[in-house]
Amino acid sequence: MKKLLSLLFMICFLFPVSAENGSRLWLRYSTDGNATISCNKQSPMLGIAATELRRAWKGVPVTLSLQRNKETRALGEEGYRLFTSDDGRKITITSAGERGLLYGAFHLLRLQDTGTENLSKLNIKESPAYNLRILNHWDNLDRSIERGYAGRSLWDWEALPSTLSDRYADYARANASIGINGTVINNVNASSQILSTEYLEKVKALADVFRPYGIRVYLSINFASPMQLGGLATADPLDKEVIAWWKNKTKEIYHLIPDFGGFLVKANSEGQPGPCDFNRTHAEGANMLADAVKPYKGIIMWRAFVYSPSDADRAKQAYLEFQPLDGQFRDNVIVQIKNGPVDFQPREPYSPLFGAMPKTAQMVEFQITQEYLGFSNHLVYLAPMWKEFFDFVQPSSLKAMAGVANIGTDANWCGHPFAQSNWYAFGRLAWNPELSAEAIAEEWLKQTFFNEELRMKNEEFGKGNEERLQSDISINSSFLILHSSLKQLMMQSREAVVDYMMPLGLHHLFAWGHHYGPEPWCDIPGARPDWMPSYYHKADKAGIGFDRSHTGSNATAQYPDSLCHLYDDISTCPDEYLLWFHHAPWNHTMQSGRTLWDELCYRYDKGVQQVRSFQRIWDLTENYIDTERFKDVQSRLKIQARDAVWWKDACLLYFMEYSGMRIPYDIERPIHELDDLKQVKLPIDNHECPTRKMLDERR
Ligand code: BDP
């Protein structure tokens, strides 16, 4: 590694790089294309595909060919075949659908930009794993974003429908380039206003911009809309007037937006209204809406994120409520389930509801925005976390994939330059969940930092510098070295955040009011117990962790037998999930041979050390990467490094009061006083990322 770093250090002064604000995302290819592009049909969507290629493709002529034959039909409307002719003088993209051609065009440009394939011998067949690859925006009508850390909502409701920001098309284009084909544009904690005629006109304007990019619009709805908006006395899903109200509203929507996708519903969850308020089940609520959208081929995504302050372990509640409803949902309802059984924690075991409702369509909801992973201050590449989910859940058992968006009005869209990689990775995995996190990181890095433009400069530099190229720090290999170091950094970043925040299965140690910093001690008199960290960590003199084995809440019994046994037995439960499933004694022997307390200390320390190593790697990219993005990431890594120490000190000093054990001498000593840390209160609400100044003043 040392040698690698010193090589990097030597090559990093070679290229001056121009100004850059990150707004071009991974679509940074140069627009001096010179190829002939033809297409056997004209349409707005094909026009976009052809224009993309015309601007950027530098190879042999390309034909976009819309055709229905056995092969294209088998690949579906969104699938495509991309191939070079035998003589190598022509590339053809064929598909049964226009969207297939659009995706094929972006695929070809990606190949050019990443330089990964021999373009003279292409023969690629692609079709998406899911028909529905959808972003969920938690955007409010006042343009705040719940858990959004990249500025305000893109949707300028005041200016809509008459004024359309250029960013709407840029947004759609970016999504199309990675295969995302749906967007729920408003918060799941929905205002019923979104269904007013005034707002529907605005939604229509957005849908019109998105359509040629293959993106359908969906809306989150408030279940009590018939009361709040329609003035009815009830929102009971079996009430005739309520049923008629939804039917009429749906008709109005489809009249404006003929390809409207459907509704996303958060019902009877965290204070939102729902069918249970009227003694009806989730299935009865979902089916009433499903019947309303059915004639238009619409769907209902009904969230299973439900829990209440009852005696039942929160981790068990979604399963308890939804599993018995299996088989009762209409065929155009998809139950949308978060990947873990509690919330979007840095690490959770997968939700056992997956696979437990064989007669019901299910989809997974990932969180792209880093609500529990350091907001847009921390560099965390999330694909390894999502892949972990797919280690347990068969991709083919799902109908669709949703991701809570991390996009806002910031020039670079996502706040942290590396947060773009999570938007990218979500799209790529929704297209093909078999892709490896590493392959996606590689693609993204090449397009975002080391794309064609830079490679050309590299070649230019090579001319006249042959001697240097022959030395062992050849410029070509310098790209590979830098690349692989950054890839490594990305791949390690998720485990690092788990280590410095909540290792070994700990979860929900977050501060009250926001989910940025640590407050394992938090105790707000009168507040819901299941919103307190102590509900989850249960630290006492005997040990730490939530007993979810048969001697405790028995949540382990919700898992398939083999996993149930593995997790239930403290001696076989993997370290990663130990404190999720067990209240383990402080001197419990871990798989490493250390005591639990020592292991906890080492993990926190390891997380801190990893962030430091990320800083070192990043600093070596200076002069290789434009100054703006370099400095931005560098500065955020400094915040992350300080936050990691904050987390480590807060958790270890606090838990030490229970363990009564010492911090092993070979790791860094705490630099904070526990009492001081307990005073830290960040003045932020749930849609802001703390600034460095704010953080420095508080600790
Ligand atoms: C929680 C968020 C909250 C969301 C909720 C949800 O803190 O803001 O409304 O998830 O998914 O994690 O509905």
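For ligands, and for the atoms within them, numbers begin at 1 and follow the listed sequence. Along the sequence shown, residues carry numbers from 1.
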For Asp530, all residues meeting salt bridge (Lys or Arg N to Asp or Glu O under 4.0 Å), sequence neighbours excluded: Arg528
Partner residues of Lys249 under the salt bridge (Lys or Arg N to Asp or Glu O under 4.0 Å) criterion, sequence neighbours left out: Glu252
Lys266, Arg147, Glu270, Lys338: member with heavy atom nearest to atom 10 (O) of ligand 1: Lys338
Test of proximity, Tyr372 against ligand 1: N or O pairs below 3.5 Å: yes
Cationic N near anionic O, under 4.0 Å, Arg152 to Asp139: no
Lys/Arg-Asp/Glu bridge criterion (N-O < 4.0 Å) met for Glu519, Lys678: no
Lys538 atom NZ: more than 12 heavy-atom contacts under 6.0 Å: yes
Ligand 1 atoms in contact with His515 (distance to a heavy atom under 4.0 Å): 7 (O)
Atom indices of ligand 1, in the order listed, that fall short of 4.0 Å to a heavy atom of Phe305: 5 (C), 6 (C), 10 (O), 11 (O), 13 (O)
Location of contacts on Asn187 toward ligand 1, heavy atoms closer than 4.0 Å: neither
Non-hydrogen atom of Gln272 closer than 4.0 Å to ligand 1: no
Test of proximity, Glu146 against ligand 1: N or O pairs below 3.5 Å: yes
Pi-cation contact, Tyr199 with Lys202 (under 6.0 Å, within 45°): yes
